[in-house]
Amino acid sequence: MPLTILYFAWVRERIGQAEESVTPPTDVVSVADLIGWLAGRSAGHAEALAEPERLRAAVDQNFVALDAVITGAREIAIFPPVTGG
Amino acid sequence: MPLTILYFAWVRERIGQAEESVTPPTDVVSVADLIGWLAGRSAGHAEALAEPERLRAAVDQNFVALDAVITGAREIAIFPPVTGG
Amino acid sequence: MIRILVSSDPIDLAGEMARMEGDDVGAVASFCGLVRADDGVDRLELEHYPGATEAALDRIARAASERWSLQAATIIHRVGPMHPGERIVLVLAAAPHRHDALDACAYLIDRLKTDAPFWKRETRGGEARWVEARHGDAVAAARWTDPTP
Amino acid sequence: MIRILVSSDPIDLAGEMARMEGDDVGAVASFCGLVRADDGVDRLELEHYPGATEAALDRIARAASERWSLQAATIIHRVGPMHPGERIVLVLAAAPHRHDALDACAYLIDRLKTDAPFWKRETRGGEARWVEARHGDAVAAARWTDPTP
């Protein structure tokens with residue numbers, strides 16, 4: 001099943017798109033795995049996703065740690081630490 | 001020199017006036033002395049000033065403890081604990 | 001900038017807020033106290049000690065300005081008769097950073113409760129009574145014990 | 001009553017305040033965050049995660065309502081481009097008693113800073129940069145660690 005990936009802030013800018021639909025291989029189990037796999041998609045992806053420790057993620061709109069499992073997820077967002085308010 | 005005495009809230013109501021000018025004898029040295037002396041002026045004064053522990057005071061617009069000395073004061077206010085805000 | 005106002009006019013919340021804002025202000029915290037009807041009060045009267053009240057509020061606002069990095073502190077207190085739902089008091093603190101504004105705002109209202117000469121008289125069904133001072137207010141004010149005398 | 005609004009329209013502070021007031025409300029505390037010009041910012045852009053943002057703000061307001069005795073909690077956040085002096089965020093808490101309103105107000109803004117998906121981009125003299133998260137915000141949010149998960 002294809003997975004919707006959303007990017008925000010500088011992650012979005014570096015990748016050059018806000019959203020894409022992907023079908024990762026079955027060995028992509030966690031958010032961290034997904035980030036590593038997405039990094040291979042383009043030079044922009046590689047640059048945006050080079051330092052996972054600077055990234056945060058949400059699985060189906062819930063904030064999660066990067067070791068969270070993504071099995072069954074439909075929408076995954078990847079972004080820098082939030083700076084609202 | 002005459003001293004202006006101001007009363008507020010239920011102290012004012014029981015005494016029946018908001019302000020009076022008095023000249024206490026020289027043995028009236030503290031606010032507590034003054035309260036005791038004022039209590040003798042009328043039945044209303046006696047009722048309003050019967051329980052000094054329920055009263056607060058200001059000497060020349062500065063809040064003071066009841067044992068504060070009043071020598072040289074021009075305006076003394078006597079009132080219940082404040083309830084603003 | 002300190003602004004103190006004791007008046008029998010209704011409190012202009014939007015106008016007072018607008019006065020606090022500026023290009024360098026990052027945070028405005030406010031507290032507004034209102035007349036509550038829920039315990040049967042249909043009228044509230046606020047008495048004060050003219051002159052001494054303004055001086056006390058000014059001292060409170062100055063103490064807040066010394067303690068936190070503020071750009072403005074405002075204390076507005078209504079006096080005279082008022083009704084449920086009406087604003088009794090409004091305090092505002094403006095600062096570059098939010099915790100200064102939030103802490104100063106809480107300080108202003110806590111101190112006002114114990115240090116400013118106002119007295120409330122409530123009327124319920126025609127019966128008036130002077131409000132008693134609350135011990136909790138003294139406790140709340142004490143947590144702000146000033147570092148300087 | 002919880003009210004959440006994420007919008008590119010200017011924040012109507014007076015209107016939002018008026019919504020909080022009622023005959024049984026004794027206290028309304030507010031915090032408003034504004035775009036500051038003092039470090040040379042001439043434009044600020046707020047990006048958010050539609051849907052997830054509103055859900056996060058709703059969770060924060062609900063947590064505040066469970067923790068304190070509130071009559072209303074409101075969180076309004078502006079998104080899109082804005083300029084110095086304009087309001088970015090407004091949080092409001094209404095309660096019968098003042099410390100519930102004040103504490104809930106501080107909680108709402110502290111939690112919003114770390115738990116809601118917004119990102120700020122500042123422009124200074126034509127040069128844009130994404131604002132870095134501040135460690136102090138995580139510290140401020142941590143002091144509210146919820147009694148329940």
Side-chain angles (χ1 to χ4, degrees), chain A residues 2-22 30-32 34-35 38-39 43-70 72-85, chain D residues 4 6 11 31-36 41 44-60 75-80 82 87-91 105-122 128-138 140-141:
Chain A
L3 192 56
T4 300
I5 313 288
L6 305 177
Y7 303 114
F8 293 102
W10 56 255
V11 179
R12 172 182 56 69
E13 283 188 337
R14 288 180 194 175
I15 289 178
Q17 56 191 337
E19 182 174 342
E20 60 184 322
S21 186
V22 299
S30 69
V31 174
L34 177 70
I35 289 171
L38 289 166
H45 283 78
E47 194 206 336
L49 307 175
E51 297 171 275
E53 66 279 11
R54 296 185 61 200
L55 301 174
R56 302 291 180 270
V59 172
D60 291 329
Q61 305 204 346
N62 293 306
F63 290 77
V64 296
L66 297 194
D67 60 2
V69 169
I70 62 169
R74 308 174 64 143
E75 176 181 294
I76 296 185
I78 300 172
F79 45 79
V82 303
T83 57
Chain D
I4 303 297
V6 177
I11 295 175
F31 175 84
C32 182
L34 303 131
V35 185
R36 269 164 56 194
V41 171
L44 184 75
E45 236 170 315
L46 254 293
E47 180 168 332
H48 78 300
Y49 181 173
T53 307
E54 290 83 350
L57 298 180
D58 190 68
R59 275 195 298 274
I60 294 167
I75 307 178
I76 315 278
H77 205 297
R78 190 165 169 196
V79 292
M82 52 200 97
R87 299 175 192 128
I88 306 170
V89 62
L90 174 67
V91 302
C105 176
Y107 174 93
L108 292 173
I109 188 65
D110 277 352
R111 282 288 182 177
L112 184 154
K113 289 264 176 186
T114 58
D115 295 4
F118 292 103
W119 298 273
K120 283 194 184 106
R121 189 167 68 162
E122 299 173 339
R129 107 184 152 82
W130 292 94
V131 172
E132 294 275 334
R134 293 176 56 246
H135 174 63
D137 288 336

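Please read these numbers as outputs of a predicted model, since none were measured by experiment. Letters A, B, ... are given to chains in the order of the sequence lines, protein chains preceding strands, and every chain is numbered from 1.
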Visitor: At a 4.5 Å cut-off on heavy atoms, which part of A:A9 comes close to chain D: side chain, backbone, both, or neither?
Guide: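 When you check distances to chain D, atoms from both the backbone and side chain of A:A9 fall under 4.5 Å.
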
Visitor: At a heavy-atom separation under 4.5 Å, does D:R129 approach chain A through its side chain, its backbone, both, or neither?
Guide: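 It is neither, since no heavy atom gets under 4.5 Å.
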
Visitor: If you compare all heavy atoms of A:A77 against all heavy atoms of D:Y49, which two are closest, and at what distance to 0.1 Å?
Guide: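 Closest heavy-atom pair between A:A77 and D:Y49: CB-CE1, 3.4 Å.
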
Visitor: So, taking the atom named CZ in A:F79 and the one named CD in D:E47, what distance separates them when rounded to the nearest 0.5 Å?
Guide: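 Rounded to the nearest 0.5 Å, the CZ-CD separation comes out at 11.0 Å.
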
Visitor: A:R54: what forms a salt bridge (Lys or Arg N to Asp or Glu O under 4.0 Å) with it, not counting sequence neighbours?
Guide: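 Testing A:R54 for salt bridge (Lys or Arg N to Asp or Glu O under 4.0 Å), a comparison that skips the adjacent residues, returns A:E51, D:E132.
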
Visitor: Heavy-atom cut-off 4.5 Å, strictly under: side chain, backbone, both or neither for A:D60 against chain D?
Guide: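 A:D60 has no heavy atom closer than 4.5 Å to chain D.
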
Visitor: Could you tell me which residues satisfy side-chain contact (heavy atoms from CB on, under 4.5 Å) with D:A141, sequence neighbours excluded, listed by chain and number?
Guide: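 Only D:T114 meet the side-chain contact (heavy atoms from CB on, under 4.5 Å) criterion with D:A141.
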
Visitor: When heavy-atom pairs shorter than 4.5 Å are enumerated against chain A, which of D:A138, D:A116, D:A56, D:G33 gives the highest number?
Guide: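 Counting heavy-atom pairs under 4.5 Å, the top option is D:A116.
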
Visitor: Heavy-atom cut-off 4.5 Å, strictly under: side chain, backbone, both or neither for D:D137 against chain A?
Guide: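 It is neither, since no heavy atom gets under 4.5 Å.
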
Visitor: As a quick check of understanding, evaluate side-chain contact (heavy atoms from CB on, under 4.5 Å) for D:R121 and A:E13, giving each step before the final call.
Guide: CA-CA 12 Å; D:R121 189 167 68 162; A:E13 283 188 337; 2.3 Å; yes

Visitor: If I measure from the heavy atoms of chain D, does A:F8 come under 4.5 Å with its side chain, its backbone, both, or neither?
Guide: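 Both backbone and side chain.
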
Visitor: Enter the distance from D:E122:CD to A:T83:OG1 here, rounded to the nearest 0.5 Å.
Guide: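 Reported value, rounded in 0.5 Å steps: 9.0 Å.
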
Visitor: Taking C-beta and beyond as the side chain, do A:V82 and D:W119 meet within less than 4.5 Å on heavy atoms?
Guide: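 The answer is yes; the side chains approach within 4.5 Å.
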
Visitor: Which heavy atom of A:F63 sits nearest to which heavy atom of D:P117, and what is that distance?
Guide: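 So the minimum-distance heavy-atom pair works out to CZ-CD, 3.7 Å.
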
